[in-house]
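Step one of this worksheet: look at the structure below.
Every number for a ligand or one of its atoms is a count from 1 in the order of the listing.
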Amino acid sequence: MNRDSRVAILVICVVLIVMVILLGLRSHGEVRETVRTQYGEQQLMLARQAASSISEFANERVTIIEILARDRSGDPVDNITRCFQTIYTKSEGFYSIEYINASGVVVYGYPEERAPIGYDLYAENRSDIFEAVRDDGETRICRPTYLFEGGLGSFIWVPVHDGEEFRGVILAIIRVSTISDKFIAPLMANRTGYVYMMDNHGQMLYNGELFERPWNGWTAIQSDQASGKEGTATCSDATNEEYIVAYAPVRWRDQLWSVGVLVPESEVDSLIRSVYKEQMIFLGAVIAIITGGSGGLILMFSRWNKRLEAEVKAKTCDLVRTNEELTRANKQLKELDKLKSEFVSMVSHELKTPLAAMKTSAQVLQGDGIGGETRQEMLNVILRNIDRQTKLVTDLLDLSRIESGRMKLDKEKVSLGDIIEDAVENVRQEAEGKGLRLDIDLPEGLSPIYGDSGKLRQVLINLLDNAIKFTAYGGRIGIKVRELNGQVELRISDTGVGIPAEELERIFDKFYQVGGAQTRGTGLGLAICKGIIEAHGGRIWAESRPGEGSTFVIVLNK
Ligand code: ADP
């Protein structure tokens with residue numbers, strides 16, 4: 001990859017990253033707004049839930065007392081007050097239940113220790129509500145006021161009328177803290193934020209100390225709450241920390257209170273952060289999977305690629321090799337072609353020469369007055385040339401049979417020693433004529449081999465003929481036999497001209513002659529020898545160095 005493409009990829013990456021960041025920022029704003037709205041709604045639902053539970057609870061308490069006042073209106077006072085204990089214990093939430101007689105004096109209360117028995121409303125100048133309840137016969141609930149014992153309490157005044165007769169008032173007191181402990185405090189358990197309760201006059205009923213410190217924007221919220229509205233808004237404290245406020249009204253009879261939930265806006269951010277965290281983990285996992293997956297794929301592809309490259313390389317090597325082989329084969333074909341041409345001329349020569357010699361001899365024999373000696377000589381020439389031609393034709397036929405796989409072997413148990421002696425006898429005269437010494441070294445008790453004695457004899461004669469032919473006067477020809485493990489080795493050596501190393505293999509090719517056609521021969525002998533030995537399942541090769549003689553080695557199976 002060149003420098004320009006690297007820079008281009010870098011620029012594309014940077015642009016993509018910037019785009020992703022911008023989109024991320026934009027969507028973050030939208031996400032934050034949505035989460036904030038939903039979070040506010042959630043707080044409102046909590047406030048609403050608390051408010052409706054309080055309404056239900058308080059209204060239920062009022063109804064219980066009203067039922068008692070109505071059902072027992074004609075009963076003696078004792079009967080009425082006896083029920084106080086039952087109500088107090090069975091329906092939780094009452095601080096005390098008292099009975100005020102028609103003259104405005106507290107005559108009974110439960111629990112007794114909380115009831116100011118004998119308290120005279122008229123004497124204490126606090127008879128106004130008592131009288132109002134007596135006169136219109138309706139239940140009244142006072143705004144929460146401070147109890148003697150401390151803390152705020154709601155006073156529920158229920159008149160007892162027996163027909164037209166006013167018998168007194170049942171006064172039930174519910175402590176505001178009972179309500180807040182039960183319904184409001186749990187709202188903020190384990191959460192960051194505040195919860196408060198106030199009445200429609202702005203009097204704080206729970207967590208009032210919260211508003212002892214300044215809050216920006218709370219006045220509007222307070223007036224909404226005082227008028228019984230519900231909703232969400234924002235305000236901030238002295239440190240400018242933003243809060244979401246959700247509020248809902250509590251209505252019980254003519255009482256109007258309001259529950260408020262105040263949570264810091266930072267909660268929204270931590271909520272978003274937790275969502276982002278989860279998303280990041282998910283995204284990380286996805287990226288890891290994708291990266292791992294693509295890494296794996298890349299690895300796989302690069303392995304494939306490498307394998308492919310190796311295959312291509314191997315195939316290329318094969319091609320190169322095949323090409324070299326073809327070139328070699330082509331060269332060999334050319335050489336073969338040349339050899340064939342040489343062979344044709346050689347064969348024509350070899351066929352013509354004896355014919356010419358025979359013709360001349362025959363003409364001499366035809367003539368008059370030739371002596372008996374000359375006649376014999378001429379006949380010898382004719383016979384020698386017939387032999388020469390016969391050998392050539394036999395060689396050609398043998399080679400043709402070997403190459404076509406038609407050569408037949410008459411295999412039997414034969415004595416190698418006999419074959420050697422026979423072959424040596426065949427060439428002895430010629431060898432001696434050239435002053436060559438023939439050394440035969442046969443081991444004692446040489447075991448017979450399984451072969452065609454005629455063909456093996458032919459091989460030996462051929463090799464001995466060559467040895468004689470290529471060894472100068474006074475040289476030595478040796479035949480040595482060794483028994484190997486299951487095989488027998490024959491070494492026919494001479495002290496002749498020798499053969500160059502590069503020719504050692506080729507001399508067994510048909511028509512091949514070292515140094516071309518200078519030597520007298522057809523180049524068929526060794527090819528026939530090789531064919532016969534290999535047909536016996538054996539091997540033949542030559543060992544030689546120019547000027548140091550040659551050794552032809554044959555190894556045959558026993
Ligand atoms: P040829 O009829 O020419 O002798 P051969 O096939 O018998 O054919 O031999 C092939 C060639 O091998 C010979 O022409 C000669 O060059 C070489 N050759 C064979 N035997 C010997 C040997 N004993 N010493 C040196 N060269 C040899």
Check your understanding: Between E425 and R457, is the closest basic N to carboxylate O distance under 4.0 Å?
Key -> no
Check your understanding: Is K510 in contact with ligand 1, taking contact as a heavy-atom separation below 4.0 Å?
Key -> no
Point to revise | Whether F552 lies under 4.0 Å from ligand 1, heavy atom | key: yes
Check your understanding: Looking at Y512, which atoms of ligand 1 are within less than 4.0 Å of one of its heavy atoms?
Key -> 10 (C), 11 (C)
Study note, to complete from the structure: atom 19 (C) of ligand 1: of V514, I492, N466, T495, the nearest heavy atom sits on N466
Practice item. Output the list of atoms in ligand 1 that are nearer than 4.0 Å to some heavy atom of L524, sorted by atom number. Key: 6 (O), 8 (O)
**Study point:** Donor-acceptor pair between Y194 and N207 side chains, under 3.5 angstrom
**Key:** no
Check your understanding: Are R506 and E335 ion-paired here, with the side-chain N under 4.0 Å from a carboxylate O?
Key -> yes
Exercise for review: Run the numbers for me: atoms of ligand 1, each under 4.0 Å from some heavy atom of K469, listed by number.
Suggested key: 1 (P), 2 (O), 4 (O)
Review point. Going by an N to O cut-off under 4.0 Å, is there a salt bridge joining R384 and D387?
Key: no
Check your understanding: Hey, is D395 close enough to K391 for a salt bridge, meaning N to O under 4.0 Å?
Key -> yes
Point to revise | side-chain hydrogen bond (donor to acceptor under 3.5 Å, both in side chains) evaluation trace for S447 with E483 | key: CA-CA 8 Å; S447 46; E483 281 198 87; 2.6 Å; yes
Check your understanding: Of L416, I419, N557, which is the lone residue that meets side-chain contact (heavy atoms from CB on, under 4.5 Å) with I449?
Key -> L416
Point to revise | From the candidates I499, T551, L526, the one that places a heavy atom nearest atom 5 (P) of ligand 1 | key: L526
Review point. Would you call D269 and R32 a salt bridge, taking side-chain N to carboxylate O under 4.0 Å as the test?
Key: yes
Check your understanding: Between D465 and ligand 1, which part of the residue brings a heavy atom under 4.0 Å of the ligand: side chain, backbone, both or neither?
Key -> neither
Check your understanding: So is G496 in contact with ligand 1, going by heavy-atom distances below 4.0 Å?
Key -> no
Review point. Which atoms of ligand 1 sit under 4.0 Å from any heavy atom of V497?
Key: 25 (C)
Exercise for review: Indicate, as side chain, backbone, both or neither, the part of E503 found under 4.0 angstrom from ligand 1 when only non-hydrogen atoms are considered.
Suggested key: neither
Check your understanding: Less than 3.5 Å between some nitrogen or oxygen of G523 and one of ligand 1, yes or no?
Key -> yes
Practice item. Would you mind running through ligand 1 and noting each atom that sits below 4.0 Å from a heavy atom of S550? Key: 24 (N), 25 (C)
Review point. Side chain to side chain donor-acceptor pair (under 3.5 Å) with R476: which of T495, T471, D494, D439?
Key: D439
Practice item. Check each atom of ligand 1 against the heavy atoms of I507 and keep those under 4.0 Å away; list them by number with element. Key: 12 (O)
